[in-house]
Amino acid sequence: MLDIHLIREETQRVRDAMQSRGVTVDLDSILQRDIERRRILVEVEGLKKQRNEVSRKFGRIKAEGGDVESMREDVRRIGERIAGLDAQLREVEKVLSELLLQVPNIPHASVPVGKDSSANQVVRSWGEMRDFPFDPLPHWKLGERLGLLDFPRAAKMSGTGFVIFKGPGARLERALINFMLDVHVREHGYEEVSPPFLTNAAAMTGTGQLPKMAEDMYRVVDEDLYLVPTAEVPLTNIYRDEVIAGELPIRLVAYTPCFRREAGAAGRETRGLIRVHQFDKVELVKFVEPEHSYEELESLVAEAEDILRRLGLPYRVVELCTGDLSFAAAKCYDIELWSPGHKGWLEVSSCSNFEDFQARRARIRFRRGGHAQLVHTLNGSGVALARLVVAILENYQQADGSVVIPDVLRAYMDGMERIEPVI
RNA sequence: GGAGGGGUGGCUGAGCGGACGAAAGCGCCGGUCUUGAAAACCGGAGUCCGGCAAACCCGGACCGCGGGUUCGAAUCCCGCCCCCUCCGCCA
């Protein structure tokens with residue numbers, strides 16, 4: 001959420017920012033409600049002041065045994081006007097906050113301006129794309145031959161867009177989760193967290209999933225809970241409505257499954273593991289002092305990259321342009337892995353600085369010089385599974401149909417060095 | 001799920017219709033003392049919103065959340081949420 005003062009005082013700047021994102025936001029309507037809100041507020045507060053004064057006098061006179069009946073009716077009438085104005089005020093505030101919740105964050109000055117992903121900029125690449133002496137297979141064929149993935153049976157119980165990992169496939173999944181958690185905890189200074197996988201609407205609103213992304217989430221109607229689309233939600237909401245007592249920065253890492261309806265994605269490039277309704281992810285979240293958030297964004301990306309380097313997977317880092325930036329982000333880098341089977345790039349991480357946008361929504365603050373102020377929040381995938389498995393299977397496939405297991409994972413798989421075809 | 005108890009400032013915790021934004025302690029900030037620190041002593045400080053260009057100025061709101069009673073609610077009533085204890089159920 002943007003600061004209403006900013007919208008009020010630097011309207012043109014906000015307007016330009018929205019235009020650079022390619023979104024239309026009714027700022028005039030917001031400004032109008034803001035004026036109306038303050039108009040009512042001034043009036044009702046004046047009346048409350050009157051009421052407070054009279055009530056105090058009332059108590060004093062009554063205590064002294066004086067006549068109080070003549071005042072009673074006057075104060076009651078003031079009370080009625082207050083009630084009417086308060087109702088108006090609530091209505092205006094409700095509309096205003098609904099409008100404000102729909103305004104996306106302002107892109108950082110360094111973000112390239114552009115209208116869609118074609119204007120994103122590759123900032124660096126790492127690793128060599130392997131030159132295959134044979135025609136590399138796509139991951140779903142490898143998964144089938146090696147007996148790692150079972151889509152038909154997953155569809156039987158859960159519908160399309162779900163997968164069963166089995167045998168070494170399930171083992172690989174678990175090995176990757178453990179490997180990534182270990183690196184981030186032992187070497188990058190993160191604290192490990194295992195949060196709830198369902199959260200309420202307030203939490204979803206705090207991080208910005210609601211109201212915009214409602215149709216992309218699974219909802220448990222009876223309990224009014226949502227399945228988390230990313231661990232960003234439970235991790236960031238740990239400090240919702242709090243003034244953080246300890247030292248910043250706070251760095252948290254968690255593994256969670258992620259649930260996404262992906263409504264409207266049918267028919268796109270969705271075969272196999274590329275776009276599934278449930279996938280695993282190791283997520284990194286930071287709470288930092290405002291002046292350090294951009295250095296923390298750079299280290300966040302580096303920490304995610306570190307995972308991919310250790311796995312020996314070629315990747316590139318892409319800086320998103322204004323038009324491709326997600327709702328709450330001020331700046332964002334995607335990390336993409338090369339997929340030889342698809343001959344394309346797969347996004348496995350998205351690292352964003354939200355500045356104080358989420359902190360304002362979720363009221364996450366810290367204390368400085370005795371005063372509470374908003375923190376900056378960041379998060380990034382460190383990294384997302386499913387697609388990572390795609391990249392490993394495809395990049396490490398051999399001419400004989402087997403897949404070599406990356407060195408760093410072998411300790412997590414009882415020393416297994418390769419997965420052999422079963423059919 | 002049932003019964004009982006409880007939710008007060010950064011924390012602990014008093015207050016249970018009017019002078020309460022709220023005692024006290026801890027913690028925090030500033031000062032005195034000290035070579036420095038600690039201790040001791042003195043002083044200060046809640047959050048949000050609004051008035052305004054701004055304020056150490058003024059006003060309003062905030063004692064889990066929402067509603068009600070009242071001239072007036074942290075205090076009384078109702079609903080909800082959360083925590084604790086016991087019982088039930090259960091991986």
Side-chain angles (χ1 to χ4, degrees), chain A residues 1-13 30-101 194-206 220-226 234 237-248 250 287 289 356 358-375:
Chain A
M1 185 159 67
L2 294 184
D3 188 351
I4 182 68
H5 299 95
L6 183 73
I7 298 177
R8 197 190 293 157
E9 283 151 32
E10 295 181 50
T11 312
Q12 196 52 47
R13 191 183 141 210
I30 290 174
L31 290 167
Q32 192 190 318
R33 308 285 173 172
D34 177 48
I35 289 167
E36 198 181 346
R37 169 175 168 270
R38 286 181 291 151
R39 202 203 75 226
I40 299 171
L41 199 57
V42 169
E43 190 180 350
V44 77
E45 286 185 353
L47 287 171
K48 284 179 179 174
K49 183 187 179 187
Q50 272 185 48
R51 182 178 65 184
N52 288 342
E53 282 168 355
V54 177
S55 279
R56 263 193 289 272
K57 202 160 88 188
F58 190 106
R60 217 164 35 234
I61 292 173
K62 200 177 166 194
E64 292 162 0
D67 174 41
V68 117
E69 290 314 304
S70 61
M71 304 170 72
R72 208 185 283 273
E73 188 52 29
D74 289 348
V75 192
R76 180 199 293 281
R77 220 170 291 134
I78 294 175
E80 279 166 8
R81 286 175 64 197
I82 290 172
L85 287 170
D86 268 343
Q88 280 182 42
L89 188 63
R90 267 198 304 277
E91 180 56 27
V92 172
E93 284 181 339
K94 186 173 152 234
V95 173
L96 180 60
S97 75
E98 278 165 8
L99 289 169
L100 280 173
L101 285 177
S194 179
F197 300 162
L198 289 90
T199 65
N200 60 29
M204 290 297 175
T205 305
V220 181
V221 177
D222 286 343
E223 303 285 348
D224 201 21
L225 291 171
Y226 297 82
N237 275 283
I238 288 175
Y239 293 106
R240 179 160 56 92
D241 285 318
E242 290 193 25
V243 177
I244 296 173
E247 295 270 297
L248 296 180
I250 292 172
F287 302 85
E289 295 183 308
D356 62 12
Q358 291 180 328
R360 183 171 297 104
R361 285 180 162 232
R363 294 165 303 279
I364 304 170
R365 294 174 298 170
F366 71 109
R367 203 161 280 284
R368 171 182 283 168
H371 287 279
Q373 78 178 75
L374 296 170
V375 300

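Residue numbering restarts at 1 for every chain, and letters A, B, ... go by the order of the sequence lines. What you see is a predicted model; the values in this text were computed from it and never measured.
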key: Residues from residues 71-86 of chain A lying under 4.0 Å of RNA chain B - heavy atoms   = A/Arg72, A/Val75, A/Arg76

Identity of whatever pairs with B/rA14 - Watson-Crick or G-U, under 3.5 angstrom = none

inquiry  = Going by purine N1 to pyrimidine N3 plus the second Watson-Crick contact, or the G-U wobble pair, all under 3.5 Å, which nucleotide sits opposite B/rA39?
reply    = none

key: Euclidean distance, atom CD1 of residue A/Ile244 to atom C1' of B/rC28 [Å, nearest integer]   = 17 Å

message = My understanding is that a pair needs two contacts under 3.5 Å, Watson-Crick or G-U wobble. By that rule, which nucleotide pairs with B/rA61?
response = B/rU47

Length of the CG-C1' vector between A/Leu47 and B/rA61, whole Å = 15 Å

query = What are the two closest heavy atoms between A/Arg33 and A/Val92, and how far apart are they?
reply = O-CG1, 3.5 Å

ask   = Does A/Asn52 have a side-chain nitrogen or oxygen under 4.0 Å from the phosphate oxygens OP1 or OP2 of B/rG59?
value = no

key: Interatomic distance at P, B/rC29 relative to B/rA39, whole Å   = 12 Å

ask   = For A/Asp86, which of A/Ile40, A/Val44, A/Leu47 qualifies under side-chain contact (heavy atoms from CB on, under 4.5 Å)?
value = A/Val44

note = Mate of B/rA22 across any strand shown (Watson-Crick or G-U wobble, both atom pairs under 3.5 Å) is none

query = Separation of A/Ile40 atom CD1 from B/rG60 atom C1', in whole Å?
reply = 15 Å

message = Can you work out whether A/Lys49 or A/Leu41 has the more 5'-proximal nearest nucleotide on RNA chain B?
response = A/Leu41

message = Just the rounded figure in Å: distance from P of B/rG10 to CD of A/Glu247.
response = 19 Å

key: Atom P, compared across B/rU69 and B/rC83: separation rounded to whole Å   = 31 Å

query = How long is the line joining CG of A/Leu248 and P of B/rG10, in whole Å?
reply = 17 Å

inquiry  = Suppose you measure atom P in B/rC86 against the same atom in B/rG18; what distance do you get, rounded to whole Å?
reply    = 37 Å

ask   = Distance check: side-chain N/O of A/Arg56 vs OP1/OP2 of B/rA19, anything under 4.0 Å?
value = no

ask   = Between atom CD in A/Glu223 and atom P in B/rC81, what is the gap in whole Å?
value = 11 Å

ask   = Which heavy atom of A/Ile364 sits nearest a heavy atom of A/Tyr239, and at what distance?
value = CG1-O, 3.4 Å

message = How long is the straight-line distance from CD of A/Glu93 back to CD of A/Glu91, given to the nearest 0.5 Å?
response = 10.5 Å

ask   = Just checking A/Arg37: base, sugar-phosphate only, or nothing, at a heavy-atom cut-off of under 4.0 Å?
value = sugar-phosphate

Atom P, compared across B/rU34 and B/rA53: separation rounded to whole Å = 49 Å

query = If you check the A/Arg51 side chain, which of B/rG72, B/rG51, B/rC48 turns out closest?
reply = B/rG72

remark   = Of all heavy-atom pairs linking A/Arg360 and A/Asp3, the shortest is NH1-N, 3.3 Å

inquiry  = Within the 4.0 Å heavy-atom criterion, would you say A/Arg360 contacts the bases, only the backbone, or no part of the nucleic acid?
reply    = nothing

key: Euclidean distance for C1', B/rC63 against B/rU47 (whole angstrom)   = 13 Å

query = Given B/rC49, is OP1 or OP2 found less than 4.0 Å from the side-chain N or O atoms of A/Arg8?
reply = no

inquiry  = Any donor-acceptor pair, under 3.5 Å, between the side chain of A/Glu45 and the base of B/rG59, if you only look at N and O atoms?
reply    = yes

task = With P as the reference atom in both, quote the distance from B/rG68 to B/rC62 in angstrom, rounded to an integer.
result = 13 Å

query = With a 4.5 Å heavy-atom cut-off, do A/Val375 and A/Ile244 have their side chains touching?
reply = yes

task = Provide the distance between the two C1' atoms, one in B/rG5 and one in B/rC57, to the nearest whole Å.
result = 46 Å

ask   = What heavy-atom pair brings A/Arg37 and A/Leu89 nearest, and what distance separates the two atoms?
value = O-CD1, 3.6 Å

inquiry  = Distance check, rounded to the nearest 0.5 Å: A/Asp356 atom CG versus A/Gln373 atom CD?
reply    = 9.5 Å

query = Quick one: A/Glu242 CD to B/rG10 C1', roughly how many Å, whole number?
reply = 11 Å

inquiry  = Are there over 12 heavy-atom neighbours, none belonging to A/Glu247, within less than 6.0 Å of that residue's CD?
reply    = no

task = Kindly give the heavy-atom pair with the smallest separation between A/Thr199 and A/Pro234, and that separation in Å.
result = CG2-CB, 4.3 Å

inquiry  = Please name the nucleotide paired to B/rG4 by Watson-Crick or G-U wobble geometry with both distances under 3.5 Å, or report none.
reply    = B/rC84

remark   = Smallest heavy-atom separation, A/Leu101 atom then A/Arg361 atom, equals O-NH2, 2.6 Å

Which atoms of nucleotides 63-69 of chain B (N or O only) lie under 3.5 Å from a protein N or O atom, and what are those distances?
none

query = Can you tell me how far C1' in B/rA22 sits from the matching atom in B/rC16, rounded to whole Å?
reply = 13 Å

inquiry  = Tell me the interatomic distance from A/Arg38, atom CZ, to B/rA61, atom C1', rounded to whole angstroms.
reply    = 18 Å

request  = Could you tell me whether A/Val243 contacts a base, only the sugar-phosphate backbone, or nothing, with contacts defined as non-hydrogen atoms closer than 4.0 Å?
outcome  = nothing

key: Atom pair CD/NZ of A/Glu45 and A/Lys48 - distance to nearest 0.5 Å   = 7.0 Å

query = Between B/rA54 and A/His5, is there an OP1 or OP2 to side-chain N/O distance shorter than 4.0 Å?
reply = no

ask   = A/Lys62 near the nucleic acid: base, sugar-phosphate alone, or nothing, with a heavy-atom cut-off under 4.0 Å?
value = base

query = Does B/rA73 have a Watson-Crick or wobble mate here (both distances under 3.5 Å), and if so which one?
reply = none

request  = Remember a base hit wins even if backbone is also touched, and classify A/Arg39 as base, sugar-phosphate or nothing at under 4.0 Å, heavy atoms.
outcome  = nothing

